[in-house]
Structure formats: structure tokens, C-alpha cells
2 protein chains.
Amino acid sequence: MSDSKSVLIVDDEAPIREMIAVALEMAGYNCLEAENANEAHSLIVDDKPDMVLLDWMMPGTSGIEFARRLRKDETTADIPIIMLTAKGDEDYKIKGLEAGVDDYITKPFSPRELVARLKAVLRRTTPKGIEEPVSVDGLTLDPISHRVTSEQDPIDLGPTEFRLLQFFMTHQDRAYSRSQLLDMVWGGNVYVEERTVDVHIRRLRKALGARHDYLVQTVRGTGYRFSANVA
Amino acid sequence: MSDSKSVLIVDDEAPIREMIAVALEMAGYNCLEAENANEAHSLIVDDKPDMVLLDWMMPGTSGIEFARRLRKDETTADIPIIMLTAKGDEDYKIKGLEAGVDDYITKPFSPRELVARLKAVLRRTTPKGIEEPVSVDGLTLDPISHRVTSEQDPIDLGPTEFRLLQFFMTHQDRAYSRSQLLDMVWGGNVYVEERTVDVHIRRLRKALGARHDYLVQTVRGTGYRFSANVA
DNA sequence: CAATACTGTTACACAAATATTACAAACTGC
DNA sequence: GCAGTTTGTAATATTTGTGTAACAGTATTG
């Protein structure tokens, strides 16, 4: 929910676009719509959507042609594309895949199928960062197993505290204001009270215990800092 | 026939693909074909072939590049790859092996040679994780007899629970999201609700009983983890 | 040493995530 | 086609997390 992905829907029929948009928005995506290739191209350049849903049949530049064009241009080459096609013809599938389309889906389709495929494509195109365990003075956070330990002993953290600690451990020795922390840990477009950060800091400190709570330091008038050095 | 192995043939020249396909099918393999890297990638994700035959020279993403890409991604990292190359150049061989290619065959080759190498590669890659029994704290899963026991006592599992447990036991101490589990255990081209995972986790836990259900741990906000260490 | 401005702590309502159960459809071996 | 599984989903219960407000404490400043 921190940053919902945006999807550009390209189809010449407005009702279909609408239907898709509704389905996707219910699933938490932001939707852009375009009626033809030109319009789509402008939107892609301007808004850089995370993925494009492209109708196969369109007046003017056909979907497949447009897909090829996107692939050729370096700036748009790695935007994932899902093709919408009316027929389940295998031939189309081949051609689509040739053009570098990531998946394709046959009309009519259920909203569920659409969302599922979309997710799958996003999942396998979004490169996952290499996640190395970090540790400081006996405190270790392992993003792989999603675990925090203090000298081997497990520490139980809620999701938010975990993210907060992860952020801190990868951004040490630097003071962050409450709003910066909200941006970085909570995500850009959520509205919560700044003081809420205090509460989570408190929870984090409590969980870290006497052995490690010195790592989370208050910077009066500014915010908080994570550091192995005492202030 | 319940499980004849499937082989993905990646080559830009259709006649060559065909030739290979015919040879392999006669030898009892199922063949998939792809003309380029993108197409190949989709097929791999969707159909999870047991092995990939990869042409060295291809327009667009070259074979070697593609091999590297497959090795990088965890979900495709252990699919065996055999490279096809027109030249017997040792240099290519080195590069191929560096990229994690399992074997290497020089065109032109006889169908017999191809099948022989393929068998050899499958023989030495398949048993890797799949045939060895795994056990943790008195819980044992034997892939050969397809049986799970808790201190000698048999545990009855449905097919999905079995695969889920097998996946978990071979990927311990690591948190997986529901979608990842769907990808890994259900397969790339099925579209089911994420919550379905919960239900199967429940069934698995129930089957494991009080003695072992602690192994399946929920990681709030993320998914699940299998581990012998208590959270 | 107030007065003030921050920060710490706690409790609590309600949101969100997960657990559990029930059920119908799809599948399996007769 | 029939009995028994298995599977995915929806509905419901339960647990756990989150944000806020109210109050307590502590540094800062004139």
C-alpha cells in the first residue's frame, strides 16, 4: 500500500477500459487509460506506468506494432506488457511473445485472472534487491528469514518495527526527522501523525531491550538516529 | 509417462528445433520450443521444463546471456542447461561453464549423442535435492517413497500439502510471501487466491500435529517460514 | 526557577492480517 | 456413475498490529 503500482490500459473501446480499470482499482492499482497508440505513448513518457495492458486489435497502430515500438526504444524497453486478445489463437501468442510481450490474456477474462497475471508479471520483472543480513554489535537483522536476533536470541518485532529497524540498520549514523521516517518506512502517501513515529520508536526500543536500545538515539529538535556510537 | 521429462528447445531456426524435437520425442521426452529468449522465459516460468537446450547464437539476447539470467533468478536457477554451439571453440566452452551451463554440445551432432548427453545431465542434476530424504527434528520426508513420518509414524498428507512441505523442507529459514509460495509450489501458470495458501498451511500444520507444527511459522505481514528455530 | 517545547509512555479503539471452518466443484480410482 | 479425496473459495472467528490521544517526564531558554 505504500506505493501502489500504476497500470496503463490501452484499448479503443471505452467500456472495456472502464471495466478493467474498475477491476484493477479494486485490487489496489492506479490506472491510466489511453484510446490509441499515440495517446498511450504520451502517457508512458509522461507518467512512466509500471506496466501496460495492451489490446491486440486497435485501429491505427495495432497493439503488436506498438509493443515492438516500445521495445525498441531504450527508455521504454523494460516496461512489462500484457496483451489482450479476443481470440485464443496460439499464433497470436507466438507473435506477441516475439515482440517481447511478457504475457497475454484472452478475452473474455475474469478480473481475478487479470489481476493474478498482472501480479505474476510484475513479480518476475521487478528485480528483487540482493538482501544481505546486517548486524551491529551483536544485533542482527536477516531480511531473508525475516528475523532479528540479539546474540542468537530471537527478537519479536511487529511488521512496522521490523521495517523501521531495517531502515535504520541500512542507514546508520544519520539523523532523520519524523516526516522523513514516515516517508521512508511507512511509504510516501500515507497520512499519519508525526508523533506516531515516537510510539513505534518506543516499541522498537522496548523490543531491543536494555542490551541494544542505546542504538536508537533521540536527536532532540530533529528526530532520531541509529548509531553504534553513543551520542 | 506420468512423468516423462520435458525439454525446452531454444533456437532461432525452426528447422533445427524441429529436428531436435523429433529426436527427443522419439526418445520419450516432451518438447517445448522457443525462438528467442523472451519466448523461452515465458515458457520456463509457465511450464517449468526439466531442462533447457540453448542455442549459443541467437538474435537479440544471446544464449549465454540468457543462461546467466536464468541462473540469477532463484526460481530458474537449478534448471539444467545444455548449450548448443556451431563451433568447437574452447573459449566458448569456458564462458559457458562460467555461466553455469551444465553441458555443451557441438553442432553438428547426432541425435544419439544429444539424447545421451541429455540423459547424463538429467541423471546428475535431478537427484540433487529431489531424491534425498530430508529430515528435521524427527520429521522426515522421503521423496522416493513419497512418504512423511514423524518419529517413524506415518503422516497422511494431500498432494499439495506434500509439495508444500517438500518445498519448505528444502528451503528452510526463509520467509516466503504467499505469491512466492504459489509460484514455487503451485506453479507459475495457475491463478488462485493468495488466501488459499493459508488454508493449505492450516492443513499442513494440522497434519504435522502438535509435535511438529511449530516448524511452520507465520511471518506477519509477509508470509510463512519453515524453520527448526522458534520464532 | 518557571515557562515552554519536546519527547517518553501508556492505554485503548478499531484496522488489518491470519486462523479456522464449511462447502461445492473437480478430480480419482473403481 | 459412484464413493471418497482433494482443492479452492467464501464466510466467520480470532489474533495481532496500528494510530491517536492523554498524560508524564525531561531538557532548554530566558
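Everything numeric in this text was worked out from a predicted model, so none of it was measured. Every chain is numbered from 1, with letters handed out A, B, ... down the list of sequences. Atom set for the values below is all heavy atoms of this structure, side chains included, hydrogens, waters and symmetry mates excluded.
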Checklist line | side chain to side chain donor-acceptor pair (under 3.5 Å) against B:Thr222, all qualifying residues, sequence neighbours excluded | finding: A:His146
Protein-nucleotide distance ([X], atom [atom1]; [N], atom [atom2]), rounded to Å:
X	N	atom1	atom2	value
A:Lys206	C:dT9	NZ	C1'	9 Å
A:Gln217	C:dT7	CD	P	15 Å
B:Phe162	D:dT5	CZ	C1'	17 Å
B:Asp156	D:dG4	CG	P	16 Å
B:Leu182	D:dT9	CG	C1'	13 Å

Margin query: Under the rule for side chain to side chain contact (heavy atoms under 4.5 Å, CB included), what residues qualify as partners of B:Ala116, not counting sequence neighbours?
Written below: none
Notebook entry, point to check: Between D:dT7, C:dA19, C:dG8, which nucleotide has the shortest distance from any of its atoms to the side chain of B:Glu161?
Noted result: D:dT7
Notebook entry, point to check: Nearest of C:dT10, C:dT9, C:dA19 to any side-chain atom of A:Asp198?
Noted result: C:dT9
Show me the donor-acceptor pairs within less than 3.5 Å that the side chains of residues 154-162 of chain B make with the rest of the protein, sequence neighbours left out.
residue, atom, partner, partner atom, Å
B:Glu161, OE2, B:His200, ND1, 2.4

Note to self: One character per nucleotide, please: for nucleotides 19-30 of chain D, 5' to 3', B when the base has a protein heavy atom closer than 4.0 Å, S when only the sugar-phosphate does, - otherwise.
What the structure shows: BBB----BBS--
Next item on the list: Between protein and nucleotides 25-30 of chain C, map the contacts as a letter string: B base, S sugar-phosphate only, - none, heavy atoms under 4.0 Å, written 5' to 3'.
Entry: ------
Check: Taking atom types as modelled, is there a side-chain donor on A:Asp142 or A:Ser145 under 3.5 Å from an acceptor on the other?
Finding: yes
Rounded to the nearest 0.5 Å, what separation is found between the [atom1] atom of [X] and the [atom2] atom of [Y]?
X	Y	atom1	atom2	value
B:Gln172	B:Arg225	CD	CZ	12.0 Å
A:Leu181	A:Phe167	CG	CZ	6.0 Å
A:Met51	A:Ile82	CE	CD1	4.0 Å

Note to self: Would you say that A:Phe226 contacts A:Leu165 through its side chain, given a criterion of any heavy-atom pair below 4.5 Å between the two side chains?
What the structure shows: yes
Notebook entry, point to check: Closer to the 5' end of DNA chain C via nearest nucleotide, is it A:Thr222 or A:Arg202?
Noted result: A:Thr222
Notebook entry, point to check: So, are A:Arg17 and A:Asp55 salt-bridged, with charged N and O less than 4.0 Å apart?
Noted result: no
Next item on the list: Return no unless some side-chain N or O of B:Arg178 is found under 4.0 Å from OP1 or OP2 of C:dA17.
Entry: no
Next item on the list: Would you tell me if any nitrogen or oxygen in the side chain of A:Tyr224 comes within less than 4.0 Å of OP1 or OP2 on C:dC6?
Entry: no
Margin query: For Watson-Crick and G-U wobble pairs within 3.5 Å on both distances, what is DNA chain D written in dot-bracket notation, | included for inter-strand pairing?
Written below: ||||||||||||||||||||||||||||||
Notebook entry, point to check: For A:Arg174, does the CZ atom sit with more than 12 other heavy atoms under 6.0 Å from it, leaving out its own atoms?
Noted result: no
Next item on the list: Using a cut-off of 6.0 Å, state whether more than 12 heavy atoms not belonging to B:Arg147 lie near its atom CZ.
Entry: no
